[in-house]
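Here's the structure we're looking at; comments come further down.
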Amino acid sequence: MNSVNGNIAISIKNLSKNYIEGGKPHAILRCANADIYEGEMVALLGRSGSGKSTLLNLISGLDTPDEGDVSIGAEKITQMSDEHRTLFRREHIGFVYQFFNLIPTLNVMENLKLILELNDQENAKVRCVELLDKVGLGTRLDTYPDALSGGEQQRVAIARALVHKPGILLADEPTGNLDETTSDEIWDLFDTLIRPSGGTILLATHSLTAAKRCDRMLELKDGKIHDITGKYD
Ligand code: ADP
Ligand code: MG
């Protein structure tokens with residue numbers, strides 16, 4: 001066990017998810033199990049279509065399973081009402097997407113502040129500026145997403161994912177749409193900014209180099225989660 005303090009941050013228990021395709025269920029997750037400990041950074045590998053995004057969406061409560069549970073700390077996110085799950089996600093989970101998902105009609109600062117306003121936090125502006133400085137975009141507060149490069153948009157998205165100080169950071173192929181040099185800069189942010197912020201990180205990636213920076217590697221295969229830490233040493 002690679003736990004930092006031994007407490008489980010994310011518990012995945014007997015999780016199953018099917019999509020209906022051509023009238024038949026297509027099993028994506030088949031009674032998948034895994035525990036992720038507080039403070040760990042864990043890579044989620046698996047070929048395209050293996051269910052990585054599905055799993056991250058179930059953990060964040062964006063989607064619901066057919067069977068099984070996901071607990072975040074002591075709370076079963078899979079048993080919450082839709083409204084409770086939305087509020088829980090806003091407070092405790094940060095999400096970084098492959099395609100950045102910034103709101104195009106809001107500038108950089110407004111994209112960040114939106115999260116804090118939803119959470120009703122004070123000192124929103126100070127916190128946003130501090131984080132945007134840390135990702136190197138402190139001088140671009142008034143810029144709109146379409147005037148930023150992909151790497152810059154992803155840095156804003158990372159600041160946005162951290163602004164409410166979530167305990168859990170989920171990232172779904174965060175460099176999947178970026179060139180190699182820009183990807184390296186994003187992975188450096190994981191080490192210099194995201195990890196030191198103290199949360200638990202689960203990131204889906206195809207990059208073995210990035211996965212090797214993590215404490216553990218999980219692989220999704222045939223609907224199950226396998227711990228493959230050490231396989232590529
Ligand atoms: P990955 O992120 O590992 O590439 P996904 O979780 O996106 O995999 O998808 C897993 C499988 O589930 C794929 O076969 C995909 O086509 C299917 N799938 C994902 N979302 C849906 C959906 N909303 N409806 C039907 N099938 C879906
Ligand atoms: Mg995916």
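Both ligands and their constituent atoms are indexed starting at 1 by order of listing. Numbers here simply count residues along the sequence, with the first being 1.
Within the 4.0 Å cut-off (strictly below), no protein heavy atom is located near atom 16 (O) of ligand 1. Under the 4.0 angstrom criterion, atom 11 (C) of ligand 1 counts as having a protein heavy-atom contact.
For ligand 1 and T54, the ligand atoms under 4.0 Å from any heavy atom of the residue are 5 (P), 6 (O), 9 (O). Listed by atom number, the atoms of ligand 1 under 4.0 Å from S48 heavy atoms are 4 (O). Per-residue contacts place K52 under 4.0 angstrom from the following atoms of ligand 1 (heavy atoms of the residue considered): 1 (P), 2 (O), 3 (O), 4 (O), 6 (O), 8 (O).
Distances between N or O atoms of E173 and those of ligand 1 include no value under 3.5 Å. Considering backbone and side-chain atoms together, G51 places an N or O closer than 3.5 Å to an N or O of ligand 1. Here's the thing with H26: none of its N/O atoms is less than 3.5 angstrom from an N/O atom of ligand 1.
Judged by distance alone, with hydrogens and angles left aside, the side-chain atoms of K224 form a donor-acceptor pair with the main-chain N or O of R30 at under 3.5 Å. Judged purely by atom type and a 3.5 angstrom limit, R155 has no side-chain atom pairing as donor or acceptor with the backbone of L137. In this structure a side-chain-to-backbone donor-acceptor pair under 3.5 Å is missing from N177 to Q98. No donor-acceptor pair under 3.5 Å is formed between the side chain of D172 and the backbone N or O of L170. Put simply, the side chain of E75 never gets that close to the backbone of I72: no donor and acceptor are under 3.5 Å apart.
Taking 4.0 Å as the cut-off between side-chain N and carboxylate O, E130 and R127 count as a salt-bridged pair. With respect to D215 and R195, a salt bridge is recorded, a charged nitrogen being found less than 4.0 Å from a carboxylate O.
In this structure the side chain of L169 never reaches within 4.5 angstrom of the side chain of L203, judged on heavy atoms.
Shown are the protein N/O/S atoms under 2.8 Å from the Mg ion (ligand 2), given by residue and atom: S53 OG.
No side-chain donor-acceptor contact under 3.5 Å links D66 and S16.
Of the protein's non-hydrogen atoms, Y19 CE1, 3.4 Å is the one closest to atom 19 (C) of ligand 1. The protein heavy atom nearest to atom 7 (O) of ligand 1 is S53 CB, 3.7 Å.
Applying the side-chain contact (heavy atoms from CB on, under 4.5 Å) test to S71 and every residue at least two apart in sequence or in another chain returns S11, K76.
Using a 4.0 angstrom heavy-atom cutoff, G49 counts as in contact with ligand 1.
Contacts between I28 and ligand 1 below 4.0 angstrom, taking non-hydrogen atoms only, involve the side chain exclusively. If you look at R47 next to ligand 1, the close heavy atoms, those under 4.0 Å, all belong to the backbone.
By the neighbour-count criterion of 12 heavy atoms within 6.0 Å, atom CD of Q79 is densely surrounded, having more than that number from other residues, nucleotides or ligands.
For the residue pair I186 and G151, the shortest heavy atom distance occurs at CD1-O, 4.0 Å.
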